[in-house]
Number of protein chains: 2
Amino acid sequence: MPGSTQTPQAAKTAQAIERVDTRFLETLLGYNARRATLVIVEHFMRRMAPYDLRIVDFSVLSLIAHNPGVTSRQLCSTLGVLPPNLVAIIDLLEKRELIERQPHPSDRRANGLHLSPDGEVLLRQAEETATVLEDEAAARLSAAERKTLMRLLQKIYR
Amino acid sequence: MPGSTQTPQAAKTAQAIERVDTRFLETLLGYNARRATLVIVEHFMRRMAPYDLRIVDFSVLSLIAHNPGVTSRQLCSTLGVLPPNLVAIIDLLEKRELIERQPHPSDRRANGLHLSPDGEVLLRQAEETATVLEDEAAARLSAAERKTLMRLLQKIYR
DNA sequence: TATTGTTATACTCTATAACTATA
DNA sequence: TATAGTTATAGAGTATAACAATA
């Protein structure tokens, strides 16, 4: 333990810090939001490891499932991923045969993205896991508190 | 606009997506927390640019200010930064003469970190800016809502 | 002329192994 | 034997420039 050998009365100059005072940072919304996000992300990564899905992979699969035919460009602007960085993500999911690129009905530059049958199955399980995992991460919050929290967060980013 | 030339009645197969449906992702706490954090971080980076401080630099300076004599190791565990990655951060702040490494009173392996007079001045301004910037980022929230939001976020990570 | 998807590439952030001085 | 600080380095994530095909 740092400073655990310090005598309590040696407190004026050059004393060792027993416990770090984080009170100022904790008055900042950004600090609290980042810390909470890290906790949730940790839960997410652990629970999604069996599906070999990162957060971005899960988000992409989920958006394709709920928006069949969506384009890469639309995914980019929705998720805040830059186009060059989405290419590898899409390539990998297609190589795993979870999604398919299909010709876009009205724009020959673009691809419409669709889930494969395997992708449907995997995503259904992953979305279920995501819901369970969130209950875990927010275990100390009541249902009403969770609802309030989501509403307030949305007020910030919408 | 993607799909803006689509006729509304061509809706059954291979239709183009007009607007991406994010309703499922928005039921997830992790998604909302990440999106809100990104908004706040954006505000932060823009407002802290004049001080040439990243979030981690600001956090380190603030913790040193409120915990004079704190060690690198303590900063690492408080902020979730790995020791090798903190070295360059501390080096840079010391090169800018914002902080000083001083001998630790009871452990010759460690350094006690302290703000220089210049560091004190800069941090005072930066902390003030951080408070203002948060009011900006959370402009759509009342004071009571902000308080609630912080409390709920802390319930997740504490 | 602008946009979609893509390649190449650079930069930043995060993670791991191993070393030294000291506890 | 363990820990604080450090170096070197690898890997993941994020960014910009430029190109072909199409709008």
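Hydrogens, waters and symmetry mates play no part in the numbers below; they use all other heavy atoms, side chains included. Below, read A as the first sequence line, B as the second, and so on, with proteins coming before strands; counting in each chain starts at 1.
The nearest heavy atom of DNA chain D to A:Arg54 and to B:Val87 marks one nucleotide each, and the one closer to the 5' end goes with B:Val87. Nearest-nucleotide assignment on DNA chain D puts the 5′-proximal partner with B:Gly112, out of A:Asn85 and B:Gly112. Residues A:Ala110 and A:Pro84 each lie close to DNA chain C; by heavy-atom proximity, the contact nearer the 5' end of the strand is made by A:Ala110.
Phosphate proximity of D:dT6 to B:Arg73: absent, as no side-chain N or O sits under 4.0 Å from OP1 or OP2. Regarding contacts with the backbone of C:dT6, a side-chain N or O of A:Arg101 is found under 4.0 angstrom from either OP1 or OP2.
Rounded to an integer number of Å, the gap from A:Arg34 CZ to C:dT14 C1' is 12 Å. If you take CD1 of A:Ile55 and P of C:dT14, they are 14 Å apart, rounded to a whole angstrom. Put simply, CE on B:Met45 is 11 Å from C1' on D:dT14, counting in whole angstrom units. The interatomic distance linking A:Leu75 (CG) with C:dT3 (P) rounds to 19 Å, in whole Å. Here the C1' atom of nucleotide D:dT6 and the CG atom of B:Asp91 are 9 Å apart, to the nearest Å. Across the protein-nucleic acid pair, B:His104 atom NE2 and D:dG5 atom P stand 8 Å apart, rounded to whole Å. Atom-to-atom, CG of A:Leu86 to P of D:dA15 comes out at 14 Å; the value is rounded to the nearest Å. A straight line from CG of A:Leu82 to P of C:dT7 spans 16 Å, rounded to a whole angstrom.
For B:Asn111 against D:dA4, no side-chain N or O and base N or O form a donor-acceptor pair under 3.5 Å. Contact of A:Arg108 with D:dT22 (side chain to base): no donor-acceptor pair of N or O atoms is detected under 3.5 Å.
For the residue pair A:Asn32/B:Tyr157, the side-chain donor-acceptor check at 3.5 Å is satisfied.
Within a 6.0 Å sphere centred on CZ of A:Arg47, heavy atoms belonging to other residues, nucleotides or ligands number 12 at most. No more than 12 heavy atoms of other residues, nucleotides or ligands shown are found within 6.0 angstrom of CD on B:Glu97.
Residue pairs meeting the salt bridge (Lys or Arg N to Asp or Glu O under 4.0 Å) criterion with at least one partner in residues 31-44 of chain A, sequence neighbours excluded, do not occur; the list is empty. Applying the salt bridge (Lys or Arg N to Asp or Glu O under 4.0 Å) definition to pairs two or more places apart or across chains, none involves residues 67-76 of chain A.
In the set D:dT16, D:dG5, D:dT3, D:dT3 carries the atom at the smallest distance from any side-chain atom of B:Arg109. Side chain of B:Asp107, nearest nucleotide from C:dT3, C:dT22, C:dT6: C:dT22.
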